[in-house]
Amino acid sequence: MLLKLYEKNNDPNDLQEIVDILNDGGLIIYPTDTMYAIGCHSLKERAIERICRIKNIDPRKNNLSIICYDLSSISEYAKVNNNVFKLMKRNLPGPFTFILNGTNRLPKIFRNRKEVGIRMPDNHIIREIARMLDAPIMTTTLPHEANEDMEYLTDPELIHEKFHELVDLVIDDGIGETEPSTIVDCTGDDPEILRQGKGWLEES
C-alpha cells in the first residue's frame, strides 16, 4: 500500500493505521530528513529479523539504529552522559546517527552488539509516528545495488513498485534525498565522526 502524507494536518486515522501495522510486527518504508528508510517496531524481534533478511545483514555483526521521538526517550534505550546529551541537544532533530551504548530496554538482537545507533530525524511524519507508537522505530536504509538508478531510492512511487511485496506500507512524502546521515561515534571519550553525510556537527 502507498499512502500519501504531509508535514502537517494528516488524517489521524492514517497515522493510527501505520501505528497498528508496526504494533502487529509489520514493516514500513518512510521518509526521513535524508533518504527514505525501511523500519519496524524496534521491540519486535521477528520484524527486525525480517528487515535483516531483506538487507542480507547479520544483526550480530552489523550496527542497528532506532528512531526516537525526543531526547528523553533516547535515554531509555541508550546510555547518555551529560556531554553527549548536550551534543545531541545542539544537533537534533537533524541528519545524524549517534552511536551509543545500548541499555537492557532493547531486545536481545541489539544487545549482542552492545551499541545502538540513535536517529531523531528532522521529519515530522516519522517522529509523530514514533510518538504515537510510544516506542522507537528500528531503521535502516533501503537495500540497493551499487549501480542501481538512484530514483529507486528517492521516488516513493518507484520505491513502492520495487518493495511493495516485501513491506506492508510505503509512505509518500515526495521525492527524497540521496545523501545519508552523518554517523557520530559517542562510545569513547570524545565524539568521532565515522561517516560525513548530510549533517555538519555543531560541537560547541
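What's counted below: heavy atoms across the whole structure, side chains too, no hydrogens, waters or symmetry copies. In what follows, residues are counted from 1 in the order of the sequence shown.
- Here D173 pairs with E7, P31, Y36, N123, I125 under the side-chain contact (heavy atoms from CB on, under 4.5 Å) rule; sequence neighbours left out.
- Residues forming a side-chain contact (heavy atoms from CB on, under 4.5 Å) with D24 (at least two apart in sequence, or on another chain): none.
- For E192, the side-chain hydrogen bond (donor to acceptor under 3.5 Å, both in side chains) criterion is met by no residue, not counting sequence neighbours.
- Taking D58 as the reference, R60 meet the side-chain hydrogen bond (donor to acceptor under 3.5 Å, both in side chains) condition, with sequence neighbours excluded.
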Could you give the side-chain donor-acceptor pairs of residues 150-160 under 3.5 Å, partners two or more places apart or in another chain?
| unit_1 | atom_1 | unit_2 | atom_2 | d |
| --- | --- | --- | --- | --- |
| Y152 | OH | E161 | OE2 | 3.4 |
| T154 | OG1 | M150 | O | 3.3 |
| D155 | OD1 | E157 | N | 2.9 |

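- Partners of E17 by salt bridge (Lys or Arg N to Asp or Glu O under 4.0 Å), not counting sequence neighbours: none found.
- With sequence neighbours excluded, the residues that form a side-chain contact (heavy atoms from CB on, under 4.5 Å) with E145 are N147, E148.
- The local environment of NZ in K4 is crowded, with over 12 non-hydrogen atoms from other residues, nucleotides or ligands closer than 6.0 Å.
- The ring pair (Phe, Tyr, Trp, His ring centres under 6.0 Å) contacts involving residues 51-88 comprise nothing, where partners must be two or more places apart or lie in separate chains.
- Applying the ring pair (Phe, Tyr, Trp, His ring centres under 6.0 Å) test to H124 and every residue at least two apart in sequence or in another chain returns nothing.
- Evaluation of the side chain to side chain donor-acceptor pair (under 3.5 Å) test over residues 125-139, restricted to residues two or more places apart or in two chains, returns Y30-T139, E128-R131.
- A search for salt bridge (Lys or Arg N to Asp or Glu O under 4.0 Å) contacts involving R50 returns D168, not counting sequence neighbours.
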Under 3.5 Å, side-chain donor or acceptor atoms of residues 90-98 against the rest of the protein: list the pairs with distances, not counting sequence neighbours.
| unit_1 | atom_1 | unit_2 | atom_2 | d |
| --- | --- | --- | --- | --- |
| R90 | NE | E202 | O | 3.4 |
| R90 | NE | E203 | O | 3.4 |
| R90 | NH2 | E203 | O | 2.4 |
| N91 | OD1 | E202 | N | 2.8 |
| N91 | ND2 | L87 | O | 2.8 |
| N91 | ND2 | E202 | O | 2.9 |
| T97 | OG1 | S181 | OG | 2.8 |

